[in-house]
Number of protein chains: 2
Amino acid sequence: MKRKSGEERREEIVRALLDLTAEHGARDVSTQDIADRVGIAQPTIFRHFPNRDAIFRAALDSIGRKLLDVLTPMFSGRGSADVRLRKLLARQLRFISRRKGLPRLIFSERLHREDPELKAVVRDIIDRYTSRLEELLREGISQGCFRRDLQPAETARLIVAMIQGLVMRWSLSDFEFPLDQQGEVLWRLLEPALRTPEPPPPQGSTRT
Amino acid sequence: MKRKSGEERREEIVRALLDLTAEHGARDVSTQDIADRVGIAQPTIFRHFPNRDAIFRAALDSIGRKLLDVLTPMFSGRGSADVRLRKLLARQLRFISRRKGLPRLIFSERLHREDPELKAVVRDIIDRYTSRLEELLREGISQGCFRRDLQPAETARLIVAMIQGLVMRWSLSDFEFPLDQQGEVLWRLLEPALRTPEPPPPQGSTRT
DNA sequence: AAGGAAAGTGATTAATTACTTGCATGAAAC
DNA sequence: GTTTCATGCAAGTAATTAATCACTTTCCTT
């Protein structure tokens, strides 16, 4: 019987968890399932992780890091903010669409109630993402491509909510529609909401 | 020992499920928990429902019906579409903010994998809601208060996604922020995206 | 080659949980 | 008043599952 280093095994286990979560949802992924997928005995899992939740934590951590890596160029890039935002949405949705386990993991009840630390990890990722987005919006405002009266914080939160909602819908629909193409749709709605309005026309317009 | 009719008990059980779900999340609401809350023995649950999932189904069904009731006036009302949409968002968020069990129930893994019928109930509610919203958007377009090039179906889906995302954030945050006040925020972003644009000004404007 | 740490296993365990069974009892119908 | 039946319960079952234990095997270091 060949053996593998702890590092390797841990990665295999995390990978198996994510794959299984994508297939079945987080709830029924038991340590037995994971062990079977990896090809080791169930107790061996506990050689590598102190308990079940630690596997979840490791998985979230790994994905969260990767996501921020992928998106960093959009946040700290130089170009105009609107172009970067548009690209950001596309990349983000593409990233998620390749990892079906992620939404299932994040939306899973097990995750939220069972381990406060786990919940904190998720919140941390979302918060960090949101505040970077807020920063991007601010840049856009000072660049003049977004409307001056835009509330960066509120808007950032709403954009994140919109993405979450989309992803949830996608997950609930068993990944039936191509998530990565929703970036365009989203942008079509978002763009006129962010864009600085044309200079006010002389004639009176419809008012609420 | 006083006894109650099946009808009454069923309602009590559904109510207990919703309350407990709001408190703990759907995952750990066991039949024992429900029984304790109602004040009956655990096996008695199964006198009133054939199995656990049937309770969930009943709960969803009840809430879904109530939601559509509350929102119907906004869908089929007479006023201008933008006013009705704005009101719709407010009412919807208020409705949900009073029923914390609902998001926990809808987002719960248990619901989605365990019983396809349950999943169908949720999808049905969402689909019905989305298509009514689409209709409202169409009305708005022909009334002239929404932009002519708005894609009603896509936009309706996005609005629903936005609400879902908001609700999810609210639920993940343990209901920390007042959901019903997010209607205004949402509208602030949405309004300029839907509104028919001012007539094109003579001077060239920023283009991508 | 020796020795120790790390990776692996089968056998168990303790807890949880949906659901069954057999029996009792209250309330309404006759 | 007795029959009937839905409502109720205590006790139990079968299945699942995270985690432990005692022990073996492999690999790395010296």
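All of these numbers come straight from a predicted model, not from anything done at the bench. First the proteins, then the strands, lettered A, B, ... as listed; each starts at 1.
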Taking the minimum atom-to-atom distance to the side chain of A/His48, which one of C/dT9, D/dG12, C/dG8 wins? C/dG8

Do the two ring centres, one from B/Phe56 and one from B/Phe49, sit under 6.0 Å apart? no

Of the listed D/dA18, C/dT9, C/dA18, the closest approach to the B/Phe46 side chain comes from C/dA18

Side-chain contact, heavy-atom cut-off 4.5 Å: A/Arg9 with A/Val38? yes

For B/Phe95, does the six-membered ring have the charged nitrogen or CZ of B/Arg91 within the cation-pi criterion, i.e. under 6.0 angstrom from the centroid and within 45° of the normal? no

Which of C/dG10, C/dC19, D/dA18 is nearest the side chain of A/Pro43? It is C/dG10

Rounded distance (Å) that lies between atom P of C/dT17 and atom CD1 of B/Ile45: 14 Å

With a cut-off of less than 4.0 Å, is there a side-chain N or O of A/Thr44 near OP1 or OP2 of C/dA7? no

Nearest whole angstrom, please: distance from the C1' of D/dT26 to the CD of A/Glu8. 14 Å

Under 4.0 Å: is that the gap between some side-chain N or O of B/Arg9 and OP1 or OP2 of D/dA6? no

Heavy-atom distance under 4.5 Å between the side chains of A/Leu68 and A/Arg128, does that happen here? yes

Answer with base, sugar-phosphate or nothing: what part of the nucleic acid does B/Ile40 contact at a heavy-atom distance below 4.0 Å? sugar-phosphate

Taking only the side-chain heavy atoms of A/Arg47 (C-beta and beyond), determine which of D/dT20, D/dA10, D/dC23 contains the nearest atom. D/dC23

Would you mind reading off the distance between B/Gln32 atom CD and D/dA10 atom P, rounded to a whole angstrom? 10 Å

Measure CZ/B/Arg10 against P/D/dA6 and give the value in whole Å, please. 11 Å

Do B/Leu158 and A/Leu166 have side-chain heavy atoms sitting under 4.5 Å apart? yes

Separation of D/dG8 P from B/Phe49 CZ (nearest whole Å): 12 Å

Atom-to-atom span, CG of A/Leu20 to C1' of D/dT17 - whole angstrom: 15 Å

In this structure, how many angstroms lie between the P atom of C/dA15 and the CG atom of B/Asp33, rounded? 17 Å

Between D/dA10, D/dA19, C/dT9, which nucleotide has the shortest distance from any of its atoms to the side chain of A/Arg52? D/dA19

Consider the side chain of B/Thr31, meaning its heavy atoms from C-beta on, and name the nucleotide among D/dC9, C/dT9, C/dA18 that approaches it most closely. C/dA18

